[in-house]
Amino acid sequence: MESTDIIGSSTADDGTRDPRSIRLFAEGVPTAETPAEASTRQSVGGENDSPSRQLARFVSDVAENGATGMRVRVIYRRDRYLRGSDHISFLREGWPAGRFTEPNEDFAHQHQDVRMVDGVQYGDLPEFCDFDYITRVALVNGAALWSLAQGPGTPTGVTIVTTNLTNNTTLRWQRGTEPDLAGYEVVWRETSAAEWQKVIPVGDVTEVTIDLSKDNVFFGVRAIDGAGHRSPVAFPRPGS
C-alpha cells in the first residue's frame with residue numbers, strides 16, 4: 001500500500017523549491033512484527049530489510065526515470081515527527097506500505113483554517129498548488145503500480161541455509177507460478193550499505209550457493225520475467 005499524502009506543492013515555507021523530488025517514508029522494524037520474528041531479526045540483522053523497505057527500494061528503482069522526471073528520496077522511518085498517514089493502518093495489519101509526501105512542507109497550508117494573519121495567507125488553497133509537480137507525482141505512482149502489476153511476484157519461502165558453518169552462502173526459495181517467469185537474481189550489499197550493490201543472475205532455479213560469507217553481507221532474491229520486469233526483493237530467513 002502506498003499513501004500519497006500532502007503532495008500538492010514543491011515550495012517550502014522559506015520559498016525554496018524542489019520540483020523534481022518526492023519523499024517516500026518506509027519503516028524498518030515492521031509494526032506487526034511478532035516476538036518470534038523480532039528474535040530472528042535481533043540475531044541476524046534485518047532492521048533495514050523489512051518488506052516496506054524492499055518495496056521502497058523497488059519504487060525508487062522503477063520510478064526514477066526520464067518519463068517521471070523525478071527523484072524518489074526514500075526516508076528510513078515510518079513517517080514524520082508528530083504526524084502519520086493512512087499507511088500506518090496497513091502496517092499494523094502486516095502489509096508492506098509507505099507514504100509519499102512533498103520534499104519540503106509549508107505548514108501554513110496544512111490543516112489550517114483559511115484566514116489572513118499579519119499579511120500571511122493560511123489554508124490549503126489552489127493558489128499554493130503546483131499542478132505540474134502533482135502531475136509528476138502521479139507519474140511516480142503510475143510507474144510503481146504498473147511495474148508491480150507487470151512484473152512477477154516477490155519470491156516466497158526464501159531461506160538462507162544455516163544448518164552448518166561454512167564460508168559460503170546457500171539460498172533456497174519456492175518457484176513462482178507466473179507463465180512468463182524467466183528466473184531469479186540474487187542481490188547483495190555490505191551490511192553498512194543502504195541499497196543493494198551487486199546483482200547475480202542465477203537462472204530458473206530454486207537453490208544457489210554463492211561464494212560469499214553470509215556473516216559478512218546481506219542477501220536478497222528477486223524474480224525476473226521474460227520481458228525483464230523484476231519483482232521486489234525478498235529478504236531471506238534462516239532455515240534449512
Item checked: Stepwise side chain to side chain donor-acceptor pair (under 3.5 Å) test for Asp130 and Ser10 -> CA-CA 7 Å; Asp130 181 341; Ser10 60; 2.8 Å; yes
Note to self: Tell me which one of Ile6, Thr4, Ile75 satisfies side-chain contact (heavy atoms from CB on, under 4.5 Å) with Arg99.
What the structure shows: Ile6
Next item on the list: For Val62 and Asn65, work out which heavy atoms get closest and say how close.
Entry: O-ND2, 2.8 Å
Next item on the list: Mark yes or no for whether Ser147, through its side chain, and Ala143, through its backbone, hold a donor-acceptor pair below 3.5 Å.
Entry: yes
Next item on the list: Output the distance between atom CD1 (Ile88) and atom CD (Glu27), rounded to the nearest 0.5 Å.
Entry: 8.5 Å
Item checked: Whether Arg136 side chain and Met70 backbone form a donor-acceptor pair below 3.5 Å -> no
Note to self: Check for me, please, whether Val187 and Val217 land in the same ILVMFWY cluster - side-chain distances under 4.5 Å, paths through other members count.
What the structure shows: no
Notebook entry, point to check: Residues two or more places apart in sequence or in another chain: which of them pass ring pair (Phe, Tyr, Trp, His ring centres under 6.0 Å) with Phe100?
Noted result: none
Margin query: So, taking the atom named NE2 in His87 and the one named CG in Asp79, what distance separates them when rounded to the nearest 0.5 Å?
Written below: 4.5 Å
Next item on the list: Determine yes or no for a side-chain-to-main-chain donor-acceptor pair under 3.5 angstrom, with Arg80 supplying the side chain and Thr101 the backbone.
Entry: no
Margin query: Suppose we screen for salt bridge (Lys or Arg N to Asp or Glu O under 4.0 Å). Which residues come up paired with Arg78, at least two apart in sequence or across chains?
Written below: none
Margin query: For the backbone of Ala56 and the side chain of Ser60, can you confirm whether one donor and one acceptor N or O come within less than 3.5 Å of each other?
Written below: no
Check: Ser52 side chain to Gly98 main-chain N or O, any donor-acceptor pair under 3.5 Å?
Finding: no
Item checked: Check: Tyr184 ring centre within less than 6.0 Å of Trp173 ring centre -> yes
Checklist line | Polar side chain donor-acceptor pair, Gln174 to Thr156, under 3.5 angstrom | finding: yes
Note to self: Is it the case that over 12 heavy atoms from other parts of the model lie below 6.0 angstrom from the CZ atom of Phe218?
What the structure shows: yes
Check: For atom CD of Glu127, is the number of surrounding heavy atoms from other residues, nucleotides or ligands below 6.0 Å larger than 12?
Finding: yes
Check: So does Glu105 pair up with Arg83, basic N to acidic O under 4.0 Å?
Finding: yes
Margin query: Determine whether a donor-acceptor pair (N or O, by modelled atom type, separation under 3.5 Å) exists between the side chain of Asp118 and the backbone of Val120.
Written below: no
Next item on the list: Using a strict 4.0 Å threshold on nitrogen-to-oxygen distance, state whether Arg189 and Asp49 make a salt bridge.
Entry: yes
Check: So is Arg115 actually on top of Tyr122's ring, under 6.0 Å and inside 45° of the axis?
Finding: yes
Margin query: Check this for me: Asn164, atom CG, are more than 12 non-hydrogen atoms of other residues, nucleotides or ligands nearer than 6.0 Å?
Written below: yes
Next item on the list: Identify, with sequence neighbours excluded, every residue that meets side-chain contact (heavy atoms from CB on, under 4.5 Å) alongside Ala234.
Entry: Thr154, Pro155, Val158
Check: Between atom CD1 of Ile224 and atom CD of Glu178, what is the distance when rounded to the nearest 0.5 Å?
Finding: 12.5 Å
Margin query: Using 0.5 Å steps for rounding, measure from the CG atom of Asp180 to the CD atom of Gln150.
Written below: 9.0 Å
Notebook entry, point to check: Among the clusters formed by ILVMFWY side chains lying less than 4.5 Å apart, do Leu148 and Val140 turn up in the same one?
Noted result: yes
Check: Of all residues at least two apart in sequence or in a different chain, which pass the salt bridge (Lys or Arg N to Asp or Glu O under 4.0 Å) check with Arg92?
Finding: none
Margin query: I'd like to know if the side chain of Ser3 and the backbone of Ser85 have a donor-acceptor N/O pair within less than 3.5 Å.
Written below: no
Margin query: Looking at Arg17, I want to see if its CZ is surrounded by more than 12 non-hydrogen atoms of other residues, nucleotides or ligands under 6.0 Å.
Written below: yes
Next item on the list: Please examine the side chains of Cys129 and Ile134, heavy atoms only from C-beta on, and report whether any two atoms are closer than 4.5 Å.
Entry: yes
Next item on the list: Go through Arg71 and Glu64 one step at a time and tell me if the salt bridge (Lys or Arg N to Asp or Glu O under 4.0 Å) criterion holds.
Entry: CA-CA 5 Å; Arg71 169 186 173 233; Glu64 286 191 351; 5.0 Å; no
Next item on the list: Return the orientation label for the Phe219 and Trp188 ring planes: parallel under 30°, perpendicular over 60°, tilted otherwise.
Entry: tilted
Next item on the list: Evaluate whether atom CG of Asp14 has more than 12 neighbouring non-hydrogen atoms of other residues, nucleotides or ligands under 6.0 angstrom away.
Entry: yes
Note to self: Using the salt bridge (Lys or Arg N to Asp or Glu O under 4.0 Å) criterion, which residues pair with Glu185? Sequence neighbours excluded.
What the structure shows: Arg222, Arg230
Margin query: Testing the 3.5 Å rule here: is there a donor-acceptor pair between the side chains of Thr209 and Thr170?
Written below: yes
Checklist line | Counterpart residues, salt bridge (Lys or Arg N to Asp or Glu O under 4.0 Å), relative to Glu47 (two or more places apart) | finding: Arg41
Item checked: Trp95 side, atom CH2; Leu55 side, atom CG - distance, nearest 0.5 Å -> 12.0 Å
Check: Is the closest side-chain donor-acceptor distance between Asp86 and Ser89 under 3.5 Å?
Finding: no
Next item on the list: Working to the nearest 0.5 Å, report the span between CG of Asn216 and OG1 of Thr191.
Entry: 8.0 Å
Item checked: Under 3.5 Å: donor-acceptor pair, side chain of Thr169, backbone of Leu212 -> yes
Next item on the list: Mark yes or no for whether Ser213, through its side chain, and Asp215, through its backbone, hold a donor-acceptor pair below 3.5 Å.
Entry: yes
